[in-house]
Amino acid sequence: MTLSGYLFAKLLDGRKIVYRQFLWNRVLRLAPLMLAVILVNLVMLMVNDATPPQIAEFARSVVKGAIFPSLPNGGWSITIEFHFYLLLPVLLAIISRSPWHALTLVAMAIALRGAIYLSQGSVQHEAYFTIAGRIDQFTLGILAHRINLGQRMGNRAFGVSAFCFLAFYWWFDANGGFMRSPGYPSPQPLWIFMSCIEGMAFACLIGWYDSKRWRFLEGSVSRFMGKVGEYSYSIYLLHMFFVFDLAAFIHEHIMDISNFYVGLMWAFLCFMGFLPIAAASYHAIEKPFFALRRPYTGQ
């Protein structure tokens, strides 16, 4: 989500947005595959002899998905992304006046999560699954572009920030991580600040990467990474149909993957094997709608 903020700030820098056409393009980009995933989930429910109340509950969750994080297959992030698109003109206008207004927005988001935490004793759900938590990351992505963070950050500064972030996540995982701290939803006040911590680390990574010229990524490596980027939306929404059953099958019938490094190796192999499925989805479901897009920027 930090990347979305950075990319749209970069693409729209100094340009006028035809907002209606911008939203139309984003709907064309996100809706076709999301609707296909919803349909597949509905068919699976019916094949598995779901009761009418179960089907009705699924339908309600889909309708609520425009506001709440209830869409299937990780569709909660699509809901947040669309909420960001609704706020984008306001965010760009505020931050364009002074880039440091972004820090005020982040502070307000932290204060909001703090208030939620004080009122109900936990804020993990809101921090992870809603715009109330993720707004930090979009905002910090916009800020990273506005202040040319990558040009300001040398390799040493980036190395220090990356080491600190990895050390933080090692500590977080060792102390229960997402699900066991001590349970879900977690009562830890860390979730008031978690998305801000992640946003700062990702903003440093994106800005630093974007400011470099990576010769080793030219040629076939660059083309491969570009294709993975093209297929990433299909990878994200479709992997939920396979990932848990596939991991269980490997663990039970091939080898123990409870070791992190063994699991990581199998994750990479499965990822590579999944790319043809994602490519087929991209070309059959996503790409045909690109022809309907309209220009949405001007000088």
Side-chain angles (χ1 to χ4, degrees), residues 1-12 22-41 65 69 71-85 88 128-129 131 134 137-138 140-142 144-145 169 178 195 198-199 201-210 212 214 216-244 246-247 263-293:
M1 296 179 185
T2 309
L3 181 60
S4 288
Y6 186 93
L7 287 177
F8 280 112
K10 186 173 182 176
L11 290 171
L12 299 174
F22 168 78
L23 289 180
W24 170 250
N25 285 6
R26 300 318 300 164
V27 169
L28 288 174
R29 184 67 186 89
L30 299 177
L33 183 59
M34 189 72 250
L35 291 174
V37 166
I38 291 170
L39 179 60
V40 171
N41 275 277
L71 292 173
N73 288 49
W76 60 268
S77 68
I78 308 306
T79 300
I80 295 177
E81 191 84 8
F82 197 73
H83 291 168
F84 165 62
Y85 298 150
L88 180 60
Y128 192 86
F129 288 109
I131 191 68
R134 300 296 181 168
Q137 297 172 359
F138 293 117
L140 290 168
I142 295 172
H145 170 71
Y169 245 89
F178 185 85
S195 60
E198 292 177 341
F202 295 145
C204 290
L205 170 62
I206 295 164
W208 175 79
Y209 180 88
D210 191 42
K212 308 298 179 184
W214 301 95
F216 75 93
L217 292 180
E218 296 175 358
S220 58
V221 174
S222 177
R223 287 192 294 272
F224 172 76
M225 294 184 66
K227 288 299 180 183
V228 171
E230 280 185 348
Y231 306 154
S232 61
Y233 185 42
S234 284
I235 293 170
Y236 173 66
L237 282 187
L238 298 183
H239 85 283
M240 295 290 286
F241 289 123
F242 305 94
V243 61
F244 300 112
L246 187 57
L264 184 63
M265 177 194 71
W266 275 104
F268 175 76
L269 293 175
C270 292
F271 175 81
M272 296 299 293
F274 189 71
L275 287 179
I277 298 174
S281 168
Y282 172 78
H283 288 286
I285 301 174
E286 298 181 58
K287 193 173 181 179
F289 291 90
F290 293 179
L292 302 176
R293 294 183 298 184

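Everything numeric here is computed off the predicted structure, so don't read it as measured data.
Evaluation of the ring pair (Phe, Tyr, Trp, His ring centres under 6.0 Å) rule for Phe82 yields no partner, not counting sequence neighbours. Listed by chain and number, the residues in a salt bridge (charged side-chain N to carboxylate O under 4.0 Å, His left out) with Glu198 are Arg134 (sequence neighbours excluded). Taking the ring pair (Phe, Tyr, Trp, His ring centres under 6.0 Å) definition, one finds that Trp266 meets it with nothing, sequence neighbours left out.
Looking at every heavy atom in both residues, Gly65 comes nearest to Leu71 through CA-CG, 3.8 Å. Of all heavy-atom pairs between Ile142 and Gly5, the closest is CG1-O, 3.4 Å. Residue Ser232 comes nearest to Gly229 through the heavy atom pair OG-O, 2.8 Å, listed as atom of the first residue, atom of the second, then distance.
Atom-to-atom distance recorded for Ile285:CD1 and Leu237:CG is 10.0 Å, nearest 0.5 angstrom. Put simply, CZ on Phe274 and OH on Tyr231 are 13.0 Å apart, with the number rounded to the nearest 0.5 Å. The structure places CG of Asn73 at 6.0 Å from CE of Met34, a figure rounded to the nearest 0.5 Å. Met1 CE to Ser77 OG: the interatomic distance, rounded to the nearest 0.5 Å, is 5.0 Å. Distance check, rounded to the nearest 0.5 Å: CG of Leu33 to OH of Tyr282 gives 12.0 Å. To the nearest 0.5 Å, atom CG of residue Leu205 and atom CG of residue Asp210 are 10.5 Å apart.
For Phe202 and Tyr6, the ring centers are positioned 6.0 Å apart or more.
Under a cut-off of 6.0 angstrom, the local environment of CH2 in Trp76 is crowded, with over 12 non-hydrogen atoms contributed by other residues, nucleotides or ligands. For OH of Tyr236, the number of neighbouring non-hydrogen atoms (other residues, nucleotides, ligands) closer than 6.0 Å is greater than 12. By the 6.0 Å contact criterion, CZ on Phe290 is enclosed, its count of non-hydrogen atoms from other residues, nucleotides or ligands being greater than 12.
Note on ring orientation: taking the six-membered ring where Trp is involved, the planes of Phe8 and Tyr85 are perpendicular (angle over 60°, cut-offs 30° and 60°).
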Mind running side chain to side chain contact (heavy atoms under 4.5 Å, CB included) on Val37 and Met240 for me, showing each step along the way?
CA-CA 10 Å; Val37 166; Met240 295 290 286; over 6 Å; no
Going through the checks in order, is the side chain to side chain contact (heavy atoms under 4.5 Å, CB included) test met by Thr79 and Phe129?
CA-CA 9 Å; Thr79 300; Phe129 288 109; over 6 Å; no
Can you check side chain to side chain contact (heavy atoms under 4.5 Å, CB included) on Ile235 and Leu275, steps first, answer last?
CA-CA 7 Å; Ile235 293 170; Leu275 287 179; 3.7 Å; yes
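In this structure the side chain of Pro69 never reaches within 4.5 angstrom of the side chain of Ile80, judged on heavy atoms.
Of the candidates Thr2, Leu88, Ile131, Phe138 forms a side-chain contact (heavy atoms from CB on, under 4.5 Å) with just one, namely Ile131.
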